[in-house]
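Below you'll find the structure, written out as structure tokens, and then a few comments.
Sequence lines set the chain letters: A, B, ... in the order given, protein chains first and strands last, and positions in each chain run from 1.
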Amino acid sequence: MSEQGDQREARLAKLKAMQQEGRDPFAETKYERTHLAAELQEHFQELEGNNITVAGRLMAIRQHGKSAFADLADGSGQVQLFARLNELGEEVFARFLDLDLGDIVGARGNLMKTRSGEVSLLLEDFTLLAKSLRPLPEKFHGLKDVETRYRQRYLDLIVNEEVREVFKKRARMITRLRRSLEERGFVEFSTPILQPIYGGANARPFTTHHNALDMRLYMRIAPELYLKRLLVGGFEKVYEIGPMFRNEGVDARHNPEFTMLEAYQAYADLEDMMDLFEGLVVELAEEVCEGTTFTYRGNEIDVAPPWRRLPLLAAVEEATGVDFRELSGDEEARAACAELDLGHTDADNWGALLDKAFDRYVQPELIQPTFVVDYPVAISPLAKRKPEELDTTFRFEPFIGGEELGNAFAELNDPLDQRRRFEQQAAAREAGDEEAHPLDEDFVTALEYGMPPAGGMGLGVDRLAMLLLDAPNLREVIAFPLLRTREAE
RNA sequence: GGGCCGGUAGCUUAGCUGGCAGAGCAGGGGACUCUUAAUCCCAAGGUCGGAGGUUCGAAUCCUCCCCGGCCCA
């Protein structure tokens, strides 16, 4: 029998014995707490001597013969329990010593400080509220194995305080994001996650099936086309924060499901979207970094506006020597890029090669906040053309710390042009581009009714959390990242 | 998909040029009424990710597979 088996057997035996004596911890339904652990620490002077109840998980026990100390952790922090034989009596003291690390316990006692100054409850009584049947990871080194940390995030959260902090901050970011948008007059929507036609981004979708309607559905890769329908309907500032699904690989910067914000504003242009993007990032940085400066991977970053602007094609030319403006087709682009270490394939078209050249040679250098601007229309099927430069669009992608954080444009509202763009996407699809947009006929119809000129932006929430919290990868800011399933033990 | 790295007790890990798998914490027994990584004594705990192979002998070398990480695609 394995050691864990032994420990589990021992704890099961204790549980059974308690249940036979009529003390079933799993029968408990409520425990009235007077205080949280952190309150006892912060307001000790006012609370000293008071009779207090707390509840939480037993994280450490230090026995001393006829006395014992224990650390009790609740959602706010920890407080020490001080158990003494002559306060509790033989029976209760013995029951206390019978507790195991990890047990969920409610405790009552008088608040005091030990000689060494530790805020403690001098225990008068306690109730076992849930028996922990499995041993916790080690108290000092915590849980380090990343696979176990992700597969059993609850263990990670129990023993690694800094992980709890990351998720508290992530939650504050999302709360603050909503507040910032509401303050600006944006209205929140929940648009379909299950979509008959996907769109709004270049990505492959997850496919599913609705049984009753016998209908193929896609998990959304973006909410864009629905939010713009709301602009057609007369809403002028709309946003959505929620999960998106892209059927792609998993790595340090990608999880197949991730959280994204998209916001659309009627009668606003790309400049307004830059102001909005800068404003939101500044407010989130102030929320969790206490200012506009923070460190990411050793780089000091300051998100105070205005952010630098960098034209895409000029930046690529400067970094690679290849001027994509002078390359008229896919063939020429492939030839021009042959010398670059892009690992491209024969199926890569002009736009794909431009993306790869940018990703490899420009993006890693964009440490301080930068709006990359002037994206070609060929890789921007939903963005409005610049009147003075028809093959270029009003579009930017923001980069910080070498990470892509989003995407924004002046939204294309010309239904005839939109239809042509969709047709070009269909052609690219025919040529093997699996990430090209499918034609959304109803979206074009909506545009034909008239959509006001509008700016729109998307912000990758997990990416921004990774950045502001200086997390080494995206999984550290996603509570339950996708992992390959393993046989249950 | 490719390259590199890793998987040893519940947890953190040593052992890796082949020769009885070791420690700390947790768990068990004992001592201890102010400890906080408590301390002290005792005993126990292992399918070395899995399957093959080489060898007198494999955690260690070889092959394949599984899972994870990093980088590239």
Atom P, compared across A9(B) and G45(B): separation rounded to whole Å: 15 Å

Does Arg308(A) qualify as a cation-pi partner of Phe371(A), given the criterion of NZ or CZ under 6.0 Å from the six-membered ring centre and within 45 degrees of its axis? no

Could you go step by step and tell me if Asn51(A) and Glu124(A) meet the side-chain hydrogen bond (donor to acceptor under 3.5 Å, both in side chains) rule? CA-CA 9 Å; Asn51(A) 201 253; Glu124(A) 293 183 350; 3.0 Å; yes

Side chains of Arg475(A) and Asn255(A): donor-acceptor distance under 3.5 Å anywhere? no

Whole angstrom is fine here: how far is it from CG in Asp6(A) over to P in G28(B)? 11 Å

Nearest to the side chain of Phe140(A) - A37(B), C34(B), G28(B)? A37(B)

Counting heavy atoms from C-beta on, name the nucleotide in C11(B), C34(B), A26(B) closest to the side chain of Glu138(A). C11(B)

Using OP1 and OP2 only, check whether a side-chain N or O of Arg475(A) sits under 4.0 Å from G69(B). yes

Between U35(B) atom C1' and Arg84(A) atom CZ, what is the distance in whole Å? 12 Å

Give none if G24(B) has no partner; otherwise give the nucleotide forming a Watson-Crick or G-U wobble pair with it, both distances under 3.5 Å. C11(B)

Please report the distance separating the C1' of U8(B) from the corresponding atom of C48(B), rounded so that it comes out in whole Å. 4 Å

Side-chain contact test, heavy atoms from C-beta onward, threshold under 4.5 Å: evaluate it for Arg57(A) versus Leu72(A) and give yes or no. no

Going by purine N1 to pyrimidine N3 plus the second Watson-Crick contact, or the G-U wobble pair, all under 3.5 Å, which nucleotide sits opposite U39(B)? A31(B)

With a non-hydrogen cut-off below 4.0 angstrom, is Gly142(A) in contact with a base, only sugar-phosphate, or nothing? sugar-phosphate

C1'-based separation of U36(B) from A44(B) [nearest Å]: 27 Å

G29(B) C1' sits how many Å from Gln63(A) CD, rounded? 12 Å

When you get a sec, tell me which of G27(B), G10(B), U35(B) is the closest nucleotide to the side chain of Leu101(A)? G27(B)

Checking U35(B), C25(B), G68(B) against the side chain of Leu483(A) (C-beta onward), the nearest is G68(B)

Any Arg484(A) side-chain nitrogen or oxygen under 4.0 Å from OP1 or OP2 of G68(B): yes

Minimum-distance nucleotide to Tyr150(A) side chain [options: U33(B), G10(B), G69(B)]: G69(B)

When you measure from the side chain of Asp251(A), which nucleotide among G68(B), A73(B), U33(B) comes out closest? A73(B)

Pairwise 5' ranking along RNA chain B for Ala252(A) and Ala83(A), keeping only the more 5' one: Ala83(A)

Please give the distance between the P atoms of A14(B) and A23(B) as a whole number of Å. 15 Å

Look through every strand shown and name the nucleotide pairing with C48(B) as Watson-Crick or G-U wobble, where both distances are under 3.5 Å. none

Quote, to the nearest angstrom, the P distance that separates G7(B) from A59(B). 15 Å

Flag the pair Asp391(A) and Arg325(A) as a salt bridge only when some basic side-chain nitrogen lies within less than 4.0 angstrom of an acidic carboxylate oxygen. no

G69(B), U36(B), U13(B): which one has an atom nearest the side-chain heavy atoms of Lys144(A)? U13(B)

Exactly one of Leu353(A), Leu354(A), Leu327(A) clears side-chain contact (heavy atoms from CB on, under 4.5 Å) with Val322(A), and that residue is Leu327(A)

Using the C1' atom as the reference point in each nucleotide, state the distance between U12(B) and G27(B) in Å, no decimals. 16 Å

Over how many whole Å does the gap from Ile158(A) atom CD1 to C11(B) atom C1' extend? 13 Å

Between Tyr375(A) and Arg395(A), is there a cation-pi geometry (under 6.0 Å to ring centre, at most 45° from the normal)? yes

Measuring to OP1 and OP2 of A73(B), would you say a side-chain N or O of Arg360(A) lies under 4.0 angstrom away? yes

Within this structure, what is the CD1-to-C1' distance between Ile61(A) and U39(B), rounded to whole angstrom? 17 Å

Can you check the distance between C56(B) and C20(B), where both ends of the measurement are the C1' atom (answer in whole Å)? 16 Å

Would you say a side-chain N or O of Asn473(A) is under 4.0 Å from OP1 or OP2 of C70(B)? yes

Name the nucleic acid region contacted by Asn86(A), choosing base, sugar-phosphate or nothing; use a 4.0 angstrom heavy-atom cut-off, strictly under. base

Quick one: His64(A) NE2 to A31(B) P, roughly how many Å, whole number? 15 Å

Taking the six-membered ring of Phe44(A), is NZ or CZ of Lys113(A) closer than 6.0 Å to its centre and within 45° of its axis? yes

Any strand: nucleotide that pairs with G18(B) via Watson-Crick or wobble, under 3.5 Å: none

Residue whose nearest RNA chain B nucleotide is more 5′ - Ser116(A) or His141(A): His141(A)

If I take atom CG in residue Leu99(A) and atom P in nucleotide G28(B), what distance separates them, rounded to the nearest angstrom? 12 Å

Would you kindly give the CZ-to-P distance between Arg8(A) and G28(B), to the nearest whole Å? 16 Å

Base-pairing assignment for C70(B) (Watson-Crick or G-U wobble, both under 3.5 Å): G3(B)

Integer angstrom distance from the P of C62(B) to that of G24(B): 32 Å

